[in-house]
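Within every chain, numbering begins at 1; the chains are lettered A, B, ... in the order of the sequence lines, protein sequences first and strands thereafter. Note that this is a predicted model, so its numbers are computed, not measured.
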Number of protein chains: 2
Amino acid sequence: MIDPEGPVPLYEQLAAILRGQIERGELPPDRPIPSVARLQQEYGLARGTVLHTIRVLVDEGLVYVVPGKGTYVKAR
Amino acid sequence: MIDPEGPVPLYEQLAAILRGQIERGELPPDRPIPSVARLQQEYGLARGTVLHTIRVLVDEGLVYVVPGKGTYVKAR
DNA sequence: CGGAATTTGTTCGTATGTATT
DNA sequence: GAATACATACGAACAAATTCC
């Protein structure tokens, strides 16, 4: 799913994956996306890379973060 | 200038300092702001923290980055 | 109420790659 | 080629908020 060799940054590849899951409804509105630790394990990425991805999606208005709880798909 | 003990994140403190210097004209438009390494030394911050600050200011449209050259105050 | 577990937030350190001068 | 500077990515640590028992 993630290609560490390609020219596309890892955080961007992960962002694309999550965008797709959100748009296809696999991650429904007001439901949490997998935790940072989960995404880290699942895609073999470093924590910083996952956090970078979350920041990107928050900036895009796709998700919102509740500290100590989780990151949720924004309803729209 | 920067308080490592306070509740305000260091990157936000640094961003506030740079915003002030830009607004007061101490950092003129289309002129480079101090390098990441310089800010790092001057304020005793880590590289990642300074980079975070730069990202914030870029997102706010206050500065723009020219890869391999420097970070410049955006003219407006 | 106390404490452990979970999750996000912030920070530091380091390394590699890429672009410009 | 060398120096400078930003971008990405790894690892690690501690703090804060939340939840559950």
>> Expressed as a whole number of angstroms, how long is the span from B:His52:NE2 to D:dC6:C1'?
In response: 16 Å
> Shortest non-hydrogen contact from B:Gly61 to B:Lys74?
Replying inline: O-CD, 3.4 Å
>> Which residues pass the side-chain hydrogen bond (donor to acceptor under 3.5 Å, both in side chains) test with A:Glu23, not counting sequence neighbours?
In response: none
>> Show me the pairs that pass side-chain hydrogen bond (donor to acceptor under 3.5 Å, both in side chains) and involve residues 59-68 of chain B, at least two apart or across chains.
In response: B:Arg19-B:Glu60, B:Asp30-B:Tyr64
> Are B:Val8 and B:Asp3 side-chain neighbours, meaning at least one heavy-atom pair lies under 4.5 Å?
Replying inline: no
> Looking at residues at least two apart in the chain, or sitting in another chain, which of them share a side-chain hydrogen bond (donor to acceptor under 3.5 Å, both in side chains) with A:Gln41?
Replying inline: none
> For DNA chain D, which residues in residues 36-46 of chain B have a heavy atom at a distance below 4.0 Å?
Replying inline: B:Val36
>> Working to the nearest 0.5 angstrom, can you tell me the gap between B:Gln13 CD and B:Leu18 CG?
In response: 12.0 Å
> So where does chain A start and stop touching DNA chain C, 5' to 3', when the test is distance under 4.0 Å to a non-hydrogen atom?
Replying inline: C:dT7 to C:dT10
>> Holding to side-chain contact (heavy atoms from CB on, under 4.5 Å), I want the full list of residues that pass it with A:Glu42, two or more places apart in sequence or in another chain.
In response: A:Arg38
> At their closest point, which heavy atom of B:Leu27 faces which heavy atom of B:Val73, and how far apart are they?
Replying inline: O-CG2, 3.6 Å
Name the atoms and distances for all side-chain donor-acceptor pairs under 3.5 Å in residues 44-58 of chain A, with sequence neighbours left out.
unit_1: A:Thr53; atom_1: OG1; unit_2: A:Tyr11; atom_2: O; d: 3.1
unit_1: A:Thr53; atom_1: OG1; unit_2: A:Thr49; atom_2: O; d: 3.1

> Under 4.0 Å between a side-chain N or O of A:Thr49 and OP1 or OP2 of D:dT8?
Replying inline: no
>> Heavy atoms only, 4.0 Å cut-off, all strands: where does A:Gly48 land among base, sugar-phosphate and nothing?
In response: nothing
> Can you find a heavy atom in the side chain of A:Val36 that is under 4.5 Å from one in the side chain of A:Thr71?
Replying inline: no
> What residues form a side-chain contact (heavy atoms from CB on, under 4.5 Å) with A:Lys69, not counting sequence neighbours?
Replying inline: A:Val66, A:Tyr72
> Can you name the closest pair of heavy atoms from A:Ala75 and A:Pro29 and give their distance?
Replying inline: CA-CB, 3.9 Å
>> Need the pair for D:dG1. Rule: Watson-Crick or G-U wobble, both distances under 3.5 Å, any strand; none if unpaired.
In response: none
> B:Tyr64 has an atom OH; how far is it from atom C1' of D:dA7, in whole Å?
Replying inline: 19 Å
> Contacts to DNA chain C from residues 53-62 of chain B, heavy-atom cutoff under 4.0 Å, which residues?
Replying inline: none
>> Are A:Met1 and A:Ile33 connected into the same hydrophobic cluster when the rule is that any two of I, L, V, M, F, W, Y join if their side-chain heavy atoms are below 4.5 Å apart?
In response: yes
>> For B:Arg31, give me all partners under side-chain contact (heavy atoms from CB on, under 4.5 Å), at least two apart in sequence or on another chain.
In response: B:Pro28
Any protein N or O atoms within reach of nucleotides 14-21 of chain D? Criterion: under 3.5 Å, listing atom names and distances.
unit_1: D:dT18; atom_1: O4'; unit_2: A:Gly68; atom_2: O; d: 3.4

> Which parts of residues 8-20 of chain B get close to DNA chain D, meaning a heavy atom less than 4.0 angstrom away?
Replying inline: none
